[in-house]
Every structure is written in C-alpha cells, then in structure tokens.
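Here's the structure we're looking at; comments come further down.
For clarity, every value in this text was computed on a predicted model and none was experimentally measured. We use all heavy atoms of the structure for the numbers below, so side chains are in, but hydrogens, waters and symmetry mates are not.
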Amino acid sequence: MTPPPGESIAAMIRQTPVPPDSQTNRDVMNIFMTTPGLGWLLLVGICLGGLGGGAAVWIYQIYKGLGIAGYSHPIFWGAYIVTFVFWVGIAHAGTLISAILFLFRARWRNAINRSAEAMTIFAVFTAQLFLGIHVGRIWKAYFILPYPNQRALWVNFKSPLLWDTFAISTYTLTSLIFFYVGLLPDLAIARDRTTGWRKALYGSLALGWQGTSRQWKSHNRTVLHLSGLATPLVLSVHSVVSWDFAMAIVPGWHATIFAPYFVAGAIFSGFAMVLTVMIPVRRIFSLEHILTNYHFENMCRFLLLTSTIVTYAYFIEYFIAWYSGVEAEKTAFYLRLFGPYWLSTWIMIVCNGVIPQLFWFKKLRTHIPTVFVISTLINVGMWFERYVIIITGLSREFNPAVWGHYTPTWYELMIVAGSFSFFSILFLIFLKLFPVIPISEVKELVIHERAHASGQPAGAH
Amino acid sequence: MGPSIGGRFRVSPNEFMFRKASHLLARVRRRAVEVVLAAVIAAGLVFGLATPERVDAQAPAAPAAAPAGPRSSQKAYDAQTAASDPSTPGPVQPIPFSHALHAGEYKIECLYCHTGTDKSRAAGVPSVELCMGCHTHFGGDMEGVQTLKKYWDEQLPVPWNQIYRLPEHVKFRHNRHVSAGVDCQRCHGPIETMDKVYMTKDTIWWPWLLPSTKPEMGWCINCHRENQASQDCLTCHY
Amino acid sequence: MPTLLGVFTTPAGVVQAVTHLKGRGFTNLDVYSPAPFDEIEEAVDPKPSKVRIFTLVGGLLGVVTGYAMTIWMSLDWPIVIGGKPFASIPPYTVIAFELTILFGGIFTLIGLLVVGRLPSLKVGPGYSARFSAEEFGLVVEVPERDVAEVDGLLRASQATEVSLVAA
Amino acid sequence: MPEIHRREFLKLVGASAGAAATVGCSDPVSKLIPYVIQPEVIVPGIANYYASTCQECSAACGLLVKTREGRPIKLEGNPEHPINQGALCARGQASIGRSYHPDRYKTPMKRVGDKLEPTTWDDAIAILSGEIKRAGNRTWMLGGQTGPTASAWIDKWVEAVGAGGRVVYEPFAPEALREATQALFGVASEPVFDLSGSDLIIDFGSDFLESGPSPTEHARQFAEARDIAKRERGGARFVYIGPRLSMTASNADEWVAAKPGSEGLLALALLKVAIGAGGGTQAGRDGVAAPLAKIDIAAVAKQADVPLATIERIGKALGAAKSPVLLPPGVALASRRAAATARAVMLANWALGAVGKGVSIPAPRDGKLPSYHQTLALVDAMKQGSVGVLLVHGSNPVYSLPPSTGFSEALAKVPFVVSLASMPDESSERANLVLPDHTPLESWGDAEPRPGIRSLVQPTLRPIYDTRALVDTLLDVARAMGADVAAKVPTDSFRALVEQAWAGTDFHAALAKGGVFAAQPGVEVTLVGSAVDFEMAEPALEGDGDFTLLTSPGALLYDGRGANLAWLQETPDPVTKITWVSFAEISPRAAEKLGGLVFGDVVEVETKAGKLSLPVVVRGGVRDDVIAIAIGQGHTVGLWSSGTDSGHPGEARGVNVIDVLPALTDESGGRAWLLTKAKVTNTGRHEKLPICQDSQNQRGRRLGLAVPLAELAAGDAHVEAEHGAADAVPGAGESAPGYPAHGEAAHGEAHGSHEMIKAFDASMDRAPDSPYRWGMTIDSDKCTGCSACVVACYIENNISIVGEEQVRRGRHMAWLRIERWVGDGNLEGGQDRLPIFPDAESSSTVDIRIAPMLCQQCGAAPCEAVCPVIATYHADDGLNGMIYNRCIGTRYCANNCPYKVRKYNWFDFALERWPDPMYLMANPDVTVRGQGVMEKCTFCVQRVASARQIAKNENRVIRDGEVTTACAQSCPTHAIQFGNLVDKTSAVAKAGSEPVRGYHSLEELNTRPAVTLLAKVQRGTVEG
C-alpha cells in the first residue's frame, strides 16, 4: 500500500475492526457471564443453610468442648479426621489431571482440568478446616507452627502431624499457583469481553496478559515446571497423610502399604468426585460438545484402574495381618469384617472394590447416568474406607480392657454436612466467576483442527 | 448449683458461662495488663519530668492528739506521701507502705517480713501481727500506720494488691531461688528504692531477635540457661 | 518508526511471516496469539526460557532451608523424644522435601512474572480483543521506506489484512 | 482459680495467692491476703500432717491428714498405727470428701411446713430441749456406734435428760459371731483374726478383703502370709467357700461354690476329715468328737452341692496345716442360723488349735454395742406411739432398715424427730429438726478398735459451716434444760471430755502419734462343755422362686454410707468394673434359662417383701441358683447417691436391695441377710451400663501373667522365656551407675529371641547426668484389687469425676485403673459391643490376674514421638512428662499409647464437676486441667519435685523411700513399690529384679516401660 504522493503515512493509520468473536469464547463465557438462574441461587441457599448449621455447631463445640462429639477412650479420632482425609483425597484429582496428564501429554485432560483444579483447591480448604475443628484447644493451635516465640520453644518435627501441616500447606499454595497460572490467559480473554466490575476484576487478575510470544513461552515453561513439581507433591501429600496412621503402632494402621494404598485411594475418590460434579455441570450448561463422552470414558478407565489397585491393597492388608501372625493385627482385621463395624467395612468393599468393576463394560462406561450413580457410590465408599481404617483400628487395640465403641453424634454429622456445603458454595461461585473450561487450551486444539481442515499442516511450510 | 445442661452436679449454666467468660477475659487481660502497665510507666515518667519538683511540703504536721511513740522522721512522711501518689507507677496499696523506707532506709532484711520465702514455694506475706510487732511501738502518728492499726483492731487481713503473679500451671519455687543465691532484685527489681512497688520492665532478646519480657517464660529460661539451672519442662510445669 | 500489524488465522502463516521478516533483518517484532504455539515461539525466539533457573534456585533453597531449620530447631533446645536422636534425618527429609516443592513452586511463579514481563500496564501496539479470540497478530517495526515491502511480505504469508498501527 | 471461689476461700484461710486454676486460663487472684495472725506451724506452700483416726468403719485405721494452708487436702495412712500401718483403703481415702461435700447442712434446720428451713443454734437448742422436757422418758436415741468416750458420755446424757433410752444400730454388726464366742468360750466379744502367720486360710464367705471387720489390716496380713519371697512352699493357701466369686474370692487359690447356708455343715465336715487325717489338738479332737459323730460327710456334700472329693481333699489339707485360720461368714451369708454357723466355724478353729494362734478372743468391750433386736423393739415402740422424741445420729435407718420392719410408718408416728447428720440422707430428710454434726475432720473424738489400741481423732479443719460436734450439741441441750441436768453431765466441751478420758496418758504425745497403741493379748479361753452340742442344719429361706437372693455389702459403698462420695461411685466395682449403678449378677446358665439374657438386660427380682428391676451382669463367678445384688445403691437423697447426676432429682440411683428383704433375725437376734428366695423374670428391656473394663479376656496378650508355683521353684518360667531377668527392671542387676552402658548389653541379649526388636539405647531413658530413673514394680501376686490406690490417685492429682453418663460414654478419667484378667484368655468375643466375662471365671481353681495399669513412663514412648508440639516428652529423670499448658489436644499421643493410660478432658470437667466448696480440697501442687487437654500419670511428679528440693538443699540425691507415689503409699499389701532404678540397692530395683516373675506389659512393643509387673503365682488347688 504505497501512500499517494504528498500524504504522510500517518494519515493511513486506522484501527483494525474487531470481527465476530470465536465460538469457543462465546460458549465458555456464556457459562459464567450469564446471570445466575434460580436453580443456582437455590443451591447456594441450601448450601448456606448447611454451612451456617455447621459453623454454629463448631462454635458451640469450641465453647463446650469436644465431648459433644462421639469420642471416647480409646477412640480419640473420629468423623472429623475421617472427613479430613476424605477431602484431602478429593483434592488429588485436580493436580493429577493437570500435572501428570499434562506430562503424559494426554490431550483429553483439557476439557476437565480447570474444574478439577478448582475442586482441588476448594477440597484442600475444606480439609484444612477439619484440622481446626479436630484439635481440642484451637485457641492454642498456633503452637503447631515453628515460629520464633519468646518461650524459646520449637516444634516436634518427628511428628507425622507436623509433616501433615507442611505437606497440606505446601499443597494448598502450589495448587493455587498452578490454578492461577493456568487461568491467566483466560482471564485476559474475559477482560477483553467484559465491562464494569468484572472487567476490573479480570483486568487486575490478568496482569495485562496479551499473549505475546514471550509471555506464552515463559508460561509454557512455568506450566511444565509446575507440573514437574506438582506430580511428586501429589504423591507425597497423601503419603504423608497416610503416615499419620502408618507411623502409629495401632493395629490396623501400622502398615507399610499405606502410602501407595492411600495415594491410589485418593486419586480414585478424586476422579469419582470430578465425575459426580462435572456430569451435572455439563448437563446444566450443555457443554456436550466440549465435555464429550470420550472424556468421561477415559475417566471411567482411570476409576477402573485405581479401584483395582485399592482392592488389591485391601486384600494385601488382610493377607499380611494373617501372615504376620501378630494376634492383635489378626484380631483387628477379623473384627473389621465381622466385628461391630462390619457394615461400614462391607459398604467400603462393595462400593470401592466390586461396583467399579462394572466399568469393564463399554456400555456402562459410556452410559452417563450409570457413571454418575457409580461415581457417587464410590465417594460414599471412600468416606467409609477412612471411617473403617480409623475407627475399627482404634476400637480394637492392644489392651482389650479399653476396647471401645464410637458412633458419630448429630453435632459431628452437622459439621461434616457443613463441610460439603462449604465445598459446594465455593464451587458454585467458581462456576459463575471463572471459565470452567480452559479456553486457550481448547482453542489450541480448535485452531490446530482448523489448520488441518484447511489442508496445510500447521507450522509446516 | 441448680439446673444445668445435663447432669446436675456441675455449676449452673449462667455461673458456668460467667466463669468461662472470666477465663477468656483473663487470657486477654494478661496481655492487656502489660500494655496498660507500660502506658502507666510511660505516663508516670512523662509526668515526673514535667513536674520538676514534687511538693513535699504538704506532709502533715503531727496531729494534735499524737498517739504514743516518738514522732516519725520527715523521711517517713515523704515516703508515705510518695507511696500514696497515684501518679507514680504501680497500684496504690490499701496502706501507703514504702519498701524504700523499710528495706532501703531502715535496711530491714526481706526475709524478716517475708517469712518462709526461704522455706517454701510461696513467698510469705507478712501477717498484720508481724507489722504490729514494730508499729505498736512507733509510727503511730502516721495515717498509714493508723490504717494498719484499724485492720489490727478489726482483726482483718490487709487486702494488698498483687503485683507479681504467675499462672497456676507455673510452679515457681521461691525457696530454691533463695537458697541458690538469687537475690530478690533479680526478679523483683530494685525494690529497696521503690516507695510504691511496681513491676519493673526487663526484656531479653533471643538470637532470632525476639523479645521476652519479665515474667514471661522465655525470660525465666534465659536466666536458667545462664546459670545452668534445669531446663526440664517438668521442673516448672506439672 | 512505523509499526505494521498483520492479522493471521493460522499459526503456520505467522511462522512463515516471522521467518521471512527475520530473514530480511526486521527483528523488532512480536506476536499476539490466542493460544500457545511452540512453533511460533520457536520462530520468534529460539532460546529456551529463563524460568528454569528460577525453579532450580527455589528448589535448592527449599531443601537447604528444610534441613537447616529442622536440625537447628531440634538442637536449639534439645529435648529427648521417644528415645530418638535429637536431630534425626529421616523424618526431617519429609519437611525438606515439602519445602523444596513449595519454594520451587513460588520461585517458578516469580520466574513467570519476571521473564514474561508481567504485570505489564501498557497495551502493546495494535493489540486488540481479536487476538484473544482466534486470530494471530504480528506487529513489526519497519523503517518508513520498507513499509511497502513488509506489507507485501505479510500479505504473501496469508495475512488476512495488514494495517499500519503507528507512524 | 475462678473468681467466685475466692471470697469463701479467704474467709476460710488467709493464704498467699495460688490455688486451683485451670490450664490456659489464669484469672488473677488479684489480691494478696496475709494472715492476721500467722499460726506458728503454718508456712504457706508447705504441707502439715496431723495424726487422726478414720471414722468410715469400725476398723478405725490411723490417719495422717495432709493439710495445706489450714485445709486438709488428702488422707494418708498413719505408719505408726498398728491397724493399717500406713495404708488406707479406698473408703478411707474418699472420706475426706465428706468435709467438702456440697450437700452439707450449713446451719441447723427446722421443719416449716413440709420442708426444712435454716435456723439458729439457739433457736434449735431451745426447741429441742423443750421437746425433750415434754417427752421425758418417751425420748429415745437411735444411732450408729461412736467412740468409747462419746458413747459412755451419751449414755450419761440419756440418763441426765431422763430419756427413755438409747439404741445403737449398725446394719452390719457381727452379733452372731459375738453370740457364738459367748456360747463356746463364755466371752462375749468378736474374735480377732490374724492371718499373717497362717498357712491355710479358709474363708466361709466373710469377704475379709472388702467388707470384713478390718479390710486394710487383713489385706496386709494376707499378703504377709502369702509372701512368695519370705514363706516356703509359696506361702499360705487360700480356699474361699461361698456362692459368689467376690473380690476376696478372686484372690483365692480355690473357690468352693457351696450352696449358701451350708457353711456351718461344711465347716464341721471339713473338721471331721481334718481330724480323721490326724489334724487338730488333742483337746480339740476329744472336745468335738460328739458333735462330729452326727456329721455325715457324704450327706453334707450333697446338701452343700460340693463334690465329696473336694471336701475330703481340703479337709486333709486342713488336717495337715500347721496354723490354719477359718473365717466365719460375713454379712452376705448371715442366715437365720448365722449364730450356729459362726459357732461351727469357731469350734473348728478351736479344735484345730487356731484359737490362741491365728484367732484370739479379746476381752469383751464395755459400753453399748449395736443390737438389731433392740432396734426392732424400738420400732415397735414407735409404732405404738410410745416414742415422743427420736434423736437419730450416725446412721440412716430409713435407708438401711428393711421396709418390712415398718420403720418408715413408725417414724411418721413419732411427733418430733431430730437428726444429727452432717449431710442430708433419707432419714434426716424426715426430721423435724436437723442439728448438723461436724465431719470427722472437724471434730474431736477417739476410737478403740480393740483392747489397748486407743486412737485419737483431732480436728484438722476449721468447721466450714455452722455445725457442732454431736457431744457439744447434746451438752448445749442439757444446759438449756437447766443447771441440774447440766450438772449430771459435767464437762465444758467435747474436747475437754476427750482430754479427760485420756487423762493419765501424755495427751500431746498421743496427739502427735495418733493414739496409744499397746495391744492387749487375747484372753485365755477354754471350751464351755455344753457348747459343742448344737443343732447345725441348713437355714430355711423365705418364699419361693428358683434363685437365692444374695445381698453382699458393696465393695466400695459398704452399707450405703459411701454412696454420696463421688470417688466411691466413680471407682469401678473391683469385680465387674461397673460404676455408678446397681446390677444383679447371674451365671451364664441361669441367663440361658431366663431366655438368653445378656449383659445389661433388665430383669425383675421379686420376693415376698417386694420387687425391683435392675440390669444383669452375666458372669461365671456366681452359682447357677444364686442372684447376687450389692447393698449400697438406691438412695433417693444426695447429690451423688441419688439419681441427680442423670438429671432426675430425687429419683433413686440404682436399687436398694434391702427393700426386698424380710425383717428377720438369726437365733441370737442379730440381723440376718441371707433370707429369701427370689423370682427373676426378664423384662425385655436393655440398659447400657457404665463399665470401665470392656473385656476381662486378655486374649493371651502379655498384660497379666501368671507363673505356676512349680516353675517358680524350678526357677525357669514362661514369663522369663522371652525376656532377661536383668531387663525386668531397666538397669537392674547391672554394676556401675554407668546405667546407659547396660541398655545395649542386657537388653540386646534379652531380646535376642525377637529379631524384630533391636537393642534400645537405654541412655535415652534418662539424661546421662541424671542420678534418677524413676520406676515402679507392681506385684500382681500381692495386689488384691481393693482400689485404694485408684482413689488415692484421684485425690492426690485433682482428677475430675465425670459422672455416670460420661463413664457410660467411656470417658472415665482415672489415671490408674485396675485391670482384672481371667486366666490367659482366649480368642473369643469382641464381635459385639458387650463386655466380655470369660467362662474360665467359673472354674474352681481361681486364676484371676489383677494388674493395675498406669502410665508406664516408657523409655521409648510411642506417645512422645507423635506430639507435634512437644507437650509430652522424656524428662531428665526418665519420666514421661506431660505439659498441660503446651497441649493443643490433637489426641494423637493417646491413640498411640498401647496401654491407653492417657485421659482427655472432653469438657471443662474442672469447671463443671467441682461444685463448691470441693475446690478447697484440690491439691495446690497439681495443676487442674482445663478443657481440651490431655492428662496422665506422671508418678506424682509433684511429690518427687518437693523431695528434690530438700535433697538439693542438703546437696545429696533423694534417698530410697524418701518419696513415694500416692498409690504406692496407700497400698495395704505393698504390692506397689516406687523408687529410683539407677540406685541398685533401692527397694524397687530389688523387687523388679525378681528373676522369674518380672515382666513388662505388652513388652513385645519394646516401649521399655519403667513399670515392672511381677507375675501372679498359681499355687494350684490345696492338697493334703
């Protein structure tokens, strides 16, 4: 475009017109830009109720004492720790999907990793609540942090609980970073398409991202490294949680298999939770073309795998208990199956060991309602797994004189329910505030496909 | 007693709540006390500097009907005035008793009044009888001593305000420290110079630059370390 | 200097344009892309990203801190616990490991911000929302005399449109 | 210490600041209150000890009352006292609670309308004297036994005021025994049994270790007689004959579950066999020839439902025994033929030459003695309305007399009832006037348990409330009635009276010592010729039904007087480990018959006299035709004795079995208890009982071990098999104080057999430079399970009472519990939530191992490693320290403690469960734990700390025996030894180095406990 003589080139400057937006953008934006419907509000309302109830009970418990829970000698840990471990378990799917599958270059993860990561973070938050709910003197709980204090006292780094403290907080922070870094480009997209407070919010969070190649380059590298860090972290966190038990001498806890066993269990429950949550989400926001059955089927395959590992672990536990010949161990495991807690044990075995085996059949893997039901059952089963490990272990220990029994009280159940509400509220807000689907990653695929469609291989020339 | 949440032989709910509250308060107060104390001291100093010369003239002349015994020295009157001066640090005691006068001026041994401090965990607080042992003979012309006499006549104990206090889960043993040759001032400050007793500020800094102020645990530990005294937790906590 | 903006629909075009421009010595260029495309980043700047260094430093710092803190704190006031040695390495390894990850993670984030020049307040020349849709933008600074040539060059590599965004 | 308390606290004693406050909260006692006049002896912060006498039962043990700032905080046994020699039973320990009891009458009360209202003493005295004037000789006095001085004076008083008379009433008075002695030897006094020298003890159900005449003393003698170290052949054998395996019986070698009522016949049958086997003295053989001729052993065997062989075997053993002692039946088996039975047993004692050796007949006591038939006579008089004023003191007849006597109605007929109780009970609630008595700690007094042993009671606590000692009250009444009356009882106060009575002794020396102890030997007795021919037949039982109702005194609540002491309610029953409630014991076979009853099923027990329903405990330790119910529960008045804890004021706690007993006496007119048959029917209801030991089946785990006597003699034992003797006590049997060195050596080789357990570095058991490693040995062969240590621990360490509901939920706070194991156990049970009582309990060779369990102060403590905040750690002197104020309550330590000795404050028990003025008895040396804190035994570290001060000042180490724990101190049998393991000469090191019996609980876990248990010795059945 050579300029006509005499005219300055500056005269030719004009703004490039903005053409119609991309399909992907619109699809995803619709989810969280549209004003919340009645159903959403209703859900939030219900959850707020549950949350309020839980909070009230917690306050009462702090005032009155942990006696309002079902504890007794010798069962010093109960529903709170059970639920704590449960949530930590849930927290594993997210990072796993994002990190490990990223490293394995499993493309199908794109559709789900954002919501999975969100779940991770919310689950960890919820789990951390339970550490506070569990301790007897929460007003002194800061003792557990190794901060410089006038007493010249430090903490006991030999205690698995302290490892826990470190592992969980590391996991929280790392997951947050991971989540945010992944979110960055999408925030920019949102920024460019919103006005008012949303623009302000996304704008400030997007840090002025423009997708320049320098940004993308360091972004890729960052995601790669974070994945590299997160992968061992995921494995370590639940190992550490498992050591809370494995390091103790309680019969039924003191087992070397616990670390891998718990990690597998965590991934298992995590994936189940992702399914339980995403199936309705997909339905409500009609994302069938992004969240395809292909994705769900892959996750079912994962469930099948982890379920088999977990079942194997169950079996090994019993085998070793028998093989060791230690009477306390043998008794503990015998009474697990046939003692006062037989019901919980069988729920656990059926839900985690038997039912998931149905996923061998492609028909069931791809039949979404079935998948939903099974994944929910797995969540139940996994809660009971922790219940069985903790309660039966403690109820039948070395000294038969202090064998005891535990039944959760309503107070405890209300707090547990409250925790589910807490988690749900966070997720519901997330649905309405951030792109549930990682837009840029999906776009990457879309553009690739377009390139192929248009005949020429991308990048080749 | 009275009805309550399940189980009658606990305290009644409102009493229970009251106690509970008082405990929570106490937690707050522990810090608060220090802050207030610091403020008071600061204020006291400022005020002290602001008023160059405290007027001692208004020491009352001996009352008309002076009781038996010699008339007390001007020093005594000054001390009494100082001890009853609310503007100086430390609470005003029911009797304007001056340690500066008794321990400083008259050089009375601490253990003479605080009996049993070398024998027992608890430091002895002198009985009214002990005070009267001397004050039947002199000081009768000072209103402080007259107040004391009133207590004696009514056979009531003197409700002194406590200045140094450790929580109940700290088992401090005065006798150990006395027999180990720790002098009172190490913890109680230059008591022999105080007309009105107040808690002196003393602060040590740990290597990681964190202060520990008397009578916090770190402060004790520091001294124990300096003197190779026991650092076993069970020494003080059981 | 005038700045030209070429708009592309496929990464391939961008790559092609970039390589040509570079070949012609127009190195002062940048690309807006809606999604990460290794080939583009390769073409623009083949050197590996500096973020790696941050991660390394963070990780090392973490492991050192982990061991140092635990051991020192156990020895600062040695207390016998369960008849174990004061500073027992195996349990402390857990702490050290966690701190490695933590510091590594945080430093990597810092790396992203530093290397990626974030947060950046100024909007790049010619940036518009279409580049957070599905189009690619290639901005290049060219001397006035070469405007025509570059224009042609861009169009040659399937730029859907070319415009002048700054004089 | 909470604000509310301070005022009263100061009113009581001026003292320097500091008393019970809870961890983590420190509401300042912002005032320092000095004494007005400081008593010479009192140094704030230092305890004073005063000798006194326990008033809980007729045994009259010597006390050392530990006081701080003028208030008693613990009762300890007086080492100089011949009866208990420094030990003190659970009931004695708990009795301190009477003085600080929230229920106490704070002023005199008079009845206005239908309730009692406070009044003044002057008013009360005026009213009473008026009433007595009016009633004249229609005034009667009904009360428990008091000290000799008081008793004599009261008789004078009764005369002086012209009252009708006075009846002494004790529910458990041994009248039959006195009657028997009278008949046999012409001396009316209860024989004194000394077991220490015996080599064969046969107890015909006297339960001398729990409810006998002098439990603490007998426990000591019993342990002496069976001391494995001092006696040859493993010491005395012990045969228990009775329908129920009581706590006493649990210590027997052999249990003969004879039919209740057949004891007399058995005694004669055994005697016959014994003499046949050449036993007994010459005189004895001749003396009893006639009556024995009538005895047909085979018939007796059938009647008593005991195998003939058993009778013959035990009889032969009896014949061979050098110094046997036979104990006549106690309360539980006092049938309508109690006198004859006692006579038979005493006759056997005499014939076998025990009288004068193990059994001595003291000179008869002077002064009024308890009499049941007099009581019944008084009741009749009341019914006829011929009683105008009734003064009740020191007893609770409304509760302890069977309703069938009609006492309650009779009482209604008495126009003016006066109670001199210090605490409300069923009787005082019925009174028109209450003149509250001092508690024993506030009052003067004396006691003479047996001739020559005179023991003083001195006040150690300024009366908390406006109360007066019984004698002073009566004195005031006399004065109010006029000078002439007063002149007849010349004394100016109870104190003066006591001093007067002790004139001739050095009173102050006596006060310091606790009394004058010059026991007189028993009188020489000869058999009254006619005494030998008497009718010995089985007693008839009232009513029908296939169960015999066995009512035994509560092991802790005795006749119900202990029921209002929280510690006795919360301390588990030594046999069933149940707290706070009533229960009936039946055998598994009986339970089967009643339609498969299980633990906690509620049955209805019906006799002619009435019915009551209560839950059952199904255990092998009861005869199939017997239902056993303990006496003591079922009160409707009292904070802890009634149902108030479960939230129903006025409702009864448990049942009072006396309600279903007929009012019948034995031949001597003494009170009979074994009276009636009972119908038992299943109500179909079920209750969850507050039980503290979930299973008495140890499943072969190494918790309570036993060694057969043979192996012990041989010197090898399965106990030692896995486990070196030197290791029994860490550091024992190792030469230089180079204690650390030993660890690897001895321990390594000791555990050679486990490749899993590595040699442990013993230097970590205590700081290298520490001269102490505190340790303990517990001899389960000596431990009788009496639970004295448990209560001592509660009171020494300010342990909270949690109450029925919390115990039911498994939140019992005892730091020291006594585990009762039946044999080695097996792998059965545990499938359901019911406690387990192994069948082995029913076997006639008793194999019960009693193993007190407290914090083991492990060298390699599992609890320490897991605490994130170092709230529990290993102290320099080897203690497993627990720092309450550092604890945040993760409860991980408790999970990881294999012994489960850590207790957690689920609520702010200290606040909720210490009604005023109980805080006054809190031990100021021990922090009161607050909500959310873990707590546990630390070997009474406060005592160690105090001892260390003294030692340091004299710069030496603490000497052996200079400091001991509350539990060891209270133990009557010295089963518990405490001391320094580093000092190889210490008692504990010696005891623990016992080569064969020493073992550690659950030692395969290699926790290196500082507590060494000594295995129970299985002496097997007695052989001729």
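Looking only at heavy-atom pairs under 4.5 Å with chain D, the residue among A:Trp163, A:Phe157, A:Tyr341 that has the most is A:Tyr341. Counting heavy-atom pairs closer than 4.5 Å to chain A, the top-ranked of the candidates D:Gln693, D:Arg833, D:Glu819 is D:Arg833. Counting heavy-atom pairs closer than 4.5 Å to chain D, the top residue among A:Pro160, A:Ala141, A:Gly404, A:Pro146 is A:Pro160. Put simply, of A:Gly136, A:Pro251, A:Gly393, A:Pro74, the one with the most heavy-atom pairs under 4.5 Å next to chain D is A:Gly136. With chain D as partner, the option from A:Leu161, A:Leu162, A:Ile81 having the largest number of non-hydrogen pairs under 4.5 angstrom is A:Leu161. Listed options D:Val866, D:Ile836, D:Asn905 were ranked by heavy-atom pairs under 4.5 angstrom with chain A; first place goes to D:Val866. For the options A:Leu131, A:Val250, A:Thr165, A:Asp244, heavy-atom pairs under 4.5 Å to chain D are most numerous at A:Asp244. Considering only heavy-atom pairs separated by less than 4.5 Å from chain A, the leading option among D:Asn895, D:Asn896, D:Leu1002 is D:Asn895.
Contact annotation for A:Trp154: only backbone heavy atoms (N, CA, C, O) come within less than 4.5 Å of a heavy atom of chain D. Proximity to chain D (any heavy atom under 4.5 Å) is shown, for A:Leu66, by both the backbone and the side chain. Using a 4.5 Å cut-off between heavy atoms, D:Leu703 contacts chain A through its side chain alone, with no backbone atom that close. With a 4.5 Å cut-off on non-hydrogen atoms, D:Arg701 touches chain A through its side chain but not through its backbone. With a threshold of 4.5 angstrom between heavy atoms, A:Ile68 approaches chain D through its backbone and through its side chain. Using a 4.5 Å cut-off between heavy atoms, A:Tyr406 touches chain D through its backbone atoms (N, CA, C, O) alone. Both the backbone and the side chain of A:Ala328 come within contact range of chain D, judged by heavy atoms closer than 4.5 Å. Interface remark: A:Ile144 contributes backbone and side-chain atoms alike to the contact with chain D (heavy atom separation under 4.5 Å). When heavy atoms are compared at a cutoff of 4.5 Å, A:Asp164 does not approach chain D at all.
Atom CG of D:Asp839 is surrounded by 12 or fewer heavy atoms from other residues, nucleotides or ligands within 6.0 Å. Counting non-hydrogen atoms of neighbouring residues, nucleotides and ligands closer than 6.0 angstrom, the OH atom of A:Tyr142 exceeds 12 such neighbours.
Side-chain atoms of D:Lys936 never come within 3.5 Å of backbone atoms of D:Trp815 as a donor-acceptor pair (strictly under, hydrogens ignored).
Under 3.5 Å, the side chains of D:Arg902 and D:Thr872 contain a donor-acceptor pair of N or O atoms. Under the 3.5 Å distance criterion, with hydrogens and angles disregarded, a donor-acceptor pair is assigned to the side chains of A:Trp87 and A:Ser419.
Nearest heavy atoms, A:Arg336 versus A:Ile389: NH2-CA, 3.8 Å.
At a threshold of 4.0 Å, the pair D:Arg702-A:Glu327 does not count as salt-bridged, since none of the basic side-chain nitrogens sits closer than that to a carboxylate oxygen. Salt-bridge check for D:Glu805 with D:Arg808: passed, with a basic side-chain N closer than 4.0 Å to an acidic carboxylate O.
Remark: of the listed residues A:Trp58, A:Tyr80, A:Tyr60, A:Tyr60 is the sole one forming a ring-ring contact (aromatic ring centres under 6.0 Å, His included) with A:Tyr411.
In this structure, D:Arg929 forms a cation-pi arrangement with D:Tyr884, its terminal cationic atom sitting closer than 6.0 Å to the ring centre and no more than 45° off the ring axis.
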